[in-house]
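Note sheet for the following structure.
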Amino acid sequence: MKVLANDGLSQSGINALEAGGFEVITTKVAQEQVANYINKHQIDVVLVRSATKIRKDIIDSCPTLKVIGRGGVGMDNIDVTYAREKGLHVINTPAASSESVAELVFAHLFSGARFLHDANRNMPLDGDTQFNSLKKAYANGIELRGKTIGIIGFGRIGREVARIALGLGMKVIATDTYVEEATIKVDFYNGQFINVDIETEPMEDVLRHSDFISLHVPAQDGYVIGKAEFDLMKQDVGIINCARGGVIDEVALIDALEDEKVLFAGLDVFEEEPTPAIQVLMNPKISLTPHIGAATLEAQERIGTELAEQIISLLKNDA
């Protein structure tokens with residue numbers, strides 16, 4: 001059986017699949033040629049990340065396809081319901097990248113709180129001639145310890161953010177449409193740990209009481225955070241989006257930054273991805289990364305291994 005890993009696959013995933021009797025193809029096929037390639041090479045499994053889309057047209061025109069796999073959490077680039085109605089297996093790896101995304105949230109938080117993103121732009125340009133003025137410009141940093149972080153979306157990644165925040169000595173509040181309570185285990189040295197029970201709150205309370213806000217929601221039909229939500233937030237709030245582009249109204253975000261309602265933002269995803277708005281890219285109050293939340297070596301290893309295990313279970317053990 002053949003597997004097309006169109007957006008790449010870790011070597012551990014490739015090794016596991018090959019050991020299970022699969023042929024793994026890592027050729028990058030252009031979106032408009034995916035269906036033709038699948039049919040020409042009699043592909044049984046197609047694996048994607050966020051770049052390749054598997055829509056109804058591919059599902060309908062590729063009779064050899066048995067499994068569609070997404071390396072990551074969100075599956076908005078796959079017509080999941082339709083695929084399952086047509087008898088295909090659709091799999092993903094919801095737990096594999098939680099730690100990676102959560103750590104990137106705090107990279108953006110630390111960067112914004114201490115102006116690292118802006119300092120790293122300006123020090124190479126003016127550090128040798130304007131050192132004292134830059135020192136003064138970046139002298140009003142803030143600490144995370146003791147502050148309240150509001151988490152919008154309390155699934156696996158949101159809970160991992162809560163775990164790190166608790167370890168930093170932060171206060172955690174969260175909101176989620178489907179989760180009422182979660183227990184967060186914080187591990188220490190020598191096997192010691194504590195469990196912290198967190199009950200979710202109404203969205204409005206999270207917006208009003210948070211010093212920092214981090215979003216962890218799937219793709220939406222509309223904005224989760226727009227002008228009305230910014231108006232409810234504290235003065236000098238920091239906001240992070242490492243979830244999905246389009247859940248924050250970027251025009252409203254820029255306005256809130258310029259009005260000094262929002263102190264800083266950290267964005268890993270964008271409304272107009274992969275060509276983010278220039279007003280976002282050039283804003284000195286925004287810490288920027290190019291959709292790399294799950295892009296750690298450890299996460300990719302976990303993703304590859306988990307996908308391989310699921311595929312082998314579905315196609316070999318049930319054969």
Side-chain angles (χ1 to χ4, degrees), residues 101-123 132-154 158 161-162 164-175 198 200-217 223-243 245 247-271 276-277 279-289:
V101 177
E103 287 192 9
L104 184 62
V105 168
F106 282 89
H108 280 296
L109 277 172
F110 280 116
S111 179
R114 298 303 296 268
F115 312 107
L116 302 186
H117 57 290
D118 202 46
N120 279 320
R121 289 168 171 165
N122 289 322
M123 282 294 288
N132 287 333
S133 62
L134 289 174
K135 180 178 180 180
K136 183 177 180 181
Y138 304 134
N140 295 318
I142 54 176
E143 297 178 0
L144 301 189
R145 181 173 297 275
K147 304 297 193 304
T148 298
I149 184 168
I151 301 170
I152 300 176
F154 211 39
V161 169
I164 297 173
L166 291 167
L168 284 170
M170 301 183 77
K171 301 169 186 175
V172 176
I173 57 175
T175 187
I198 298 175
T200 55
E201 310 285 346
M203 175 81 155
E204 293 77 9
D205 289 349
V206 171
L207 295 174
R208 287 192 176 98
H209 299 304
S210 299
D211 299 299
F212 308 105
I213 292 172
S214 186
L215 287 96
H216 300 286
V217 295
Y223 296 122
V224 176
I225 302 294
K227 183 182 184 306
E229 287 73 29
F230 282 119
D231 288 344
L232 290 175
M233 295 179 192
K234 278 186 174 183
Q235 187 69 29
D236 291 330
V237 67
I239 187 163
I240 309 295
N241 183 15
C242 292
V247 297
I248 295 179
D249 181 346
E250 291 178 358
V251 172
L253 172 61
I254 296 296
D255 288 343
L257 288 165
E258 291 179 351
D259 293 341
E260 299 185 346
K261 178 64 180 280
V262 174
L263 181 65
F264 69 86
L267 300 179
D268 185 50
V269 290
F270 305 88
E271 278 195 71
Q279 297 93 329
V280 172
L281 296 179
M282 296 302 292
N283 194 292
K285 296 182 179 180
I286 302 179
S287 174
L288 302 159
T289 48

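Since the model is a prediction, treat every value here as computed from it, not as a measurement.
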If you take all heavy atoms of Asn283 and Arg121, which pair is closest and at what distance? O-NH1, 3.3 Å

Looking at Glu258 and Asp255, would you say the former's side chain and the latter's main chain have a donor-acceptor pair under 3.5 Å? no

Any chance CD of Gln235 has more than 12 other-residue heavy atoms, nucleotides or ligands included, within less than 6.0 Å? yes

CG (Asn120) and OG (Ser111) are apart, to the nearest 0.5 Å, by 7.5 Å

For Val172 and Ala165, which heavy atoms make the closest approach, and how far apart are they? CG2-CB, 3.8 Å

Closest heavy-atom pair, Ala102 versus Ile164, reported as atoms and distance to 0.1 Å, is CB-CD1, 3.8 Å

Go through Val237 and Phe230 one step at a time and tell me if the side chain to side chain contact (heavy atoms under 4.5 Å, CB included) criterion holds. CA-CA 9 Å; Val237 67; Phe230 282 119; 5.6 Å; no

Work out which heavy atom in Leu166 is nearest to a heavy atom in Met170; give both atom names and the distance. CD2-O, 4.0 Å

Non-hydrogen atoms of Leu257 and Ala265 that approach each other most closely: CD2-N, 4.2 Å

Taking only residues two or more places apart in sequence or in another chain, which ones pass side-chain hydrogen bond (donor to acceptor under 3.5 Å, both in side chains) with Asp249? none

Which is it for His108 and Leu104 under the side chain to side chain contact (heavy atoms under 4.5 Å, CB included) test, yes or no, and what are the steps along the way? CA-CA 6 Å; His108 280 296; Leu104 184 62; 3.9 Å; yes

Nearest 0.5 Å, what's the CD1-CG distance between Ile248 and Asn241? 4.5 Å

Heavy atoms only: give me the nearest Ile152-Val217 pair and the separation to one decimal. O-CG1, 3.5 Å

With rounding to the nearest 0.5 angstrom, report the CD to CG distance, Glu229 to Leu253. 12.5 Å

Just by distance, do the side chain of Lys147 and the backbone of Glu143 share a donor-acceptor pair under 3.5 Å? yes

Using modelled atom types and a 3.5 Å cut-off, is there a donor and acceptor pairing between side-chain atoms of Lys171 and backbone atoms of Ile149? no

Show your working on side chain to side chain contact (heavy atoms under 4.5 Å, CB included) between Ile240 and Phe106 and close with a plain yes or no. CA-CA 9 Å; Ile240 309 295; Phe106 282 89; over 6 Å; no

Please name all residues satisfying salt bridge (Lys or Arg N to Asp or Glu O under 4.0 Å) with Lys227, sequence neighbours left out, ordered by chain then number. Asp231

How about Glu250 and Tyr223: does a side-chain donor come under 3.5 Å of a side-chain acceptor? no

Please examine the side chains of Val280 and Glu271, heavy atoms only from C-beta on, and report whether any two atoms are closer than 4.5 Å. no

Expected output: side-chain Asp205 to main-chain Glu201 donor-acceptor under 3.5 Å: no

Contacts under 3.5 angstrom, residues 206-215 side chains, donor-acceptor by atom type, not counting sequence neighbours:
{"from": "Ser210", "atom 1": "OG", "to": "Gly150", "atom 2": "N", "distance (Å)": "3.3"}
{"from": "Ser210", "atom 1": "OG", "to": "Val206", "atom 2": "O", "distance (Å)": "2.6"}
{"from": "Asp211", "atom 1": "OD1", "to": "Lys234", "atom 2": "NZ", "distance (Å)": "2.9"}
{"from": "Asp211", "atom 1": "OD2", "to": "Thr148", "atom 2": "N", "distance (Å)": "2.7"}
{"from": "Ser214", "atom 1": "OG", "to": "His216", "atom 2": "NE2", "distance (Å)": "2.7"}

Side-chain heavy-atom pair Ile254, Ile286 within 4.5 angstrom cut-off: yes

Donor-acceptor check, side chain of Asp259 to backbone of Lys261, threshold 3.5 angstrom: yes or no? no

Here the gap from Asp118 atom CG to Lys285 atom NZ, rounded to the nearest 0.5 Å, amounts to 10.5 Å

Pairwise side-chain contact, Ile151 with Thr175, heavy-atom cut-off 4.5 Å (strictly under): no

Do the side chain of Ser287 and the main chain of Gly112 share a donor and acceptor less than 3.5 angstrom apart? no

Check step by step if side chain to side chain contact (heavy atoms under 4.5 Å, CB included) holds for Ile142 and Leu263. CA-CA 11 Å; Ile142 54 176; Leu263 181 65; 3.8 Å; yes

